Protein chains: 2
Amino acid sequence: MANALLEKDKAAATDFLLPSETGAELTAKAAQIVEAARGLFTEHGFAAVSMDQIAKSAGVSKATVYAYFDSKEQLFVAIVSRACRTYAETVMPEVRDAPDIRAALTRIGHAVASFLLAPRTMAIYRIIVAEGPRFPDLARGWYESGPRAFKRLLTSFLVEAIEKGQLKIENPRLAAELFCGMVRGPLYMQVLLNTPDPESPDAETVVNGAVEMFLRSFGVPGARS
Amino acid sequence: MANALLEKDKAAATDFLLPSETGAELTAKAAQIVEAARGLFTEHGFAAVSMDQIAKSAGVSKATVYAYFDSKEQLFVAIVSRACRTYAETVMPEVRDAPDIRAALTRIGHAVASFLLAPRTMAIYRIIVAEGPRFPDLARGWYESGPRAFKRLLTSFLVEAIEKGQLKIENPRLAAELFCGMVRGPLYMQVLLNTPDPESPDAETVVNGAVEMFLRSFGVPGARS
DNA sequence: GTCTATACAACGATAGAC
DNA sequence: GTCTATCGTTGTATAGAC
């Protein structure tokens with residue numbers, strides 16, 4: 001059951017394709033350029049990196065870069081597309097059956113926290129936020145492929161748990177949103193801005209706290225939790 | 001009691017001053033330039049706006065802009081400083097006594113949601129995120145003046161409520177973090193990326209849901225909630 | 001302090017040989 | 001496809017007159 005829902009939503013998630021994903025896989029040299037650009041954008045931001053630097057870092061000439069990508073913008077789109085694919089392949093599968101609802105939520109929580117807080121993910125997100133106004137379609141595509149697809153999937157998971165009698169929730173979508181907010185919120189901004197706060201709880205504490213709070217609100221006393 | 005804590009933490013919050021706040025107030029013309037720059041940065045981002053545009057929008061020559069601000073970067077710092085001051089004056093005072101704990105949390109939740117989601121706030125945050133790597137001190141200053149100060153204040157509020165017997169919480173700081181995450185998380189990303197999601201609950205629903213969840217976990221049955 | 005005009009550097013993108 | 005060399009533009013920042 002869970003797998004059926006999973007497959008359905010996973011299909012829905014990848015149904016939306018970012019521009020450069022519609023084509024075939026990148027060639028080796030294109031991938032090499034994309035990887036170099038990703039590293040530089042990650043470190044210095046989009047505007048601060050020149051095509052000369054990218055070419056040099058990738059070990060090719062600038063003309064070669066332009067042979068594969070029409071513009072700096074399009075190169076950026078390719079980077080984001082790759083990140084979306086990784087996201088779909090990494091976090092999505094974590095939402096499936098587990099021994100009990102507590103274990104499942106904990107697992108999901110850790111998957112979300114660890115993936116979202118990974119430097120690579122944050123770097124991409126930072127650039128999307130930064131350049132969002134200039135790339136509205138890209139921002140939308142990323143949101144659809146990533147956060148929105150995941151929230152739908154998590155909502156399906158909760159609905160299923162409700163039907164099994166493991167949870168009691170009036171508004172599953174709201175519950176999914178709140179859970180995501182709890183897991184992500186406390187550490188997200190610190191990582192995003194690179195401003196660690198020693199007073200903040202660590203990821204483990206946050207996930208456990210979120211699961212605990214979630215179950216106290218929505219857990220069914222009788223059910224194994 | 002609450003006011004004593006409030007005053008103390010408010011002082012602590014403004015104790016940290018961003019560079020340009022250490023000096024006196026801006027002159028009228030400087031403020032005029034800052035305001036023009038803020039509007040342009042808000043709309044187009046930092047890198048995409050030239051000093052020529054700023055000068056034109058402010059109705060002065062470029063040389064005049066440079067007479068007041070040494071560089072584009074410093075002009076940006078001035079903008080953020082202003083935003084921090086507004087934050088301290090707007091959200092912080094919301095954390096104080098209310099008829100009961102539920103009303104207090106709801107009020108805080110709405111204040112956080114409405115301020116954080118305001119276009120002006122989001123625009124500043126977007127730029128901070130975008131240019132964070134290039135302005136590490138600025139990002140840190142903003143975090144200290146804003147989110148961190150608020151979380152401390154909220155934690156103090158919770159501790160006080162615990163002492164009054166209105167709440168029962170083991171880790172108040174964690175609870176404050178989770179509450180902020182719930183209130184902010186669901187809508188934050190959508191506004192930040194300008195990708196509205198019709199499936200998402202609205203702000204009212206989110207705040208009420210968060211308060212409900214918080215009280216179910218930490219509320220004291222006997223106390224008036 | 002404020003303006004006009006300009007110096008100087010850097011960037012994105014391309015032309016043309018191989 | 002890949003390179004070297006370069007074009008045209010744009011941007012930050014400043015010089016000098018008032």
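Labels below follow one simple rule: chain letters A, B, ... track the order of the sequence lines, proteins then strands, and each chain is numbered from 1. Here the structure is a predicted model, which means the values were calculated and not measured.
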Do K29(B) and dG1(C) share a donor-acceptor pair, side chain to base, under 3.5 Å?
no
Report the distance from atom [atom1] of [X] to atom [atom2] of [N], rounded to the nearest whole Å.
| X | N | atom1 | atom2 | answer |
| --- | --- | --- | --- | --- |
| E73(B) | dA13(D) | CD | C1' | 12 Å |
| Y66(B) | dT6(C) | OH | P | 18 Å |
| M51(B) | dC8(C) | CE | P | 20 Å |
| F69(A) | dT14(C) | CZ | P | 16 Å |
| K56(B) | dC3(C) | NZ | P | 15 Å |
| I54(B) | dA13(D) | CD1 | C1' | 13 Å |
| K72(A) | dT9(D) | NZ | P | 20 Å |
| Q53(B) | dG11(D) | CD | P | 7 Å |

Residues D197(B), R173(A): salt bridge by 4.0 Å N-O rule
yes
Of F46(B) and D52(A), whose closest DNA chain D nucleotide lies nearer the 5' terminus?
D52(A)
Decide if the gap between the ring center of Y188(A) and the ring center of Y125(A) is smaller than 6.0 angstrom.
yes
NA contact type, K62(B), heavy-atom cut-off 4.0 Å: base, sugar-phosphate, or nothing?
base
Classify S61(A) by what it touches in the nucleic acid, base, sugar-phosphate, or nothing, heavy-atom distance under 4.0 Å.
base
Closest-nucleotide 5' rank along DNA chain C - winner of T64(B) and V49(A):
T64(B)
OP1 or OP2 of dT2(C) under 4.0 Å from side-chain N/O of Y68(B):
yes
Using distance alone, with no hydrogens and no angle criterion, decide if N208(B) and T205(B) have a side-chain donor and acceptor under 3.5 Å apart.
no
Choose from [options] the nucleotide whose nearest atom is closest to any side-chain atom of [X].
| X | options | value |
| --- | --- | --- |
| A63(B) | dA15(D), dT4(D), dT12(D) | dA15(D) |
| A67(A) | dC3(D), dT2(D), dC11(C) | dT2(D) |
| S71(B) | dA13(D), dC3(C), dT12(D) | dA13(D) |

Between R126(B) and L192(B), is there a donor-acceptor pair closer than 3.5 Å when you use the side chain of the first and the backbone of the second?
yes
Rounded to the nearest 0.5 angstrom, the CD-NZ distance for E199(B) and K151(A) is 10.5 Å
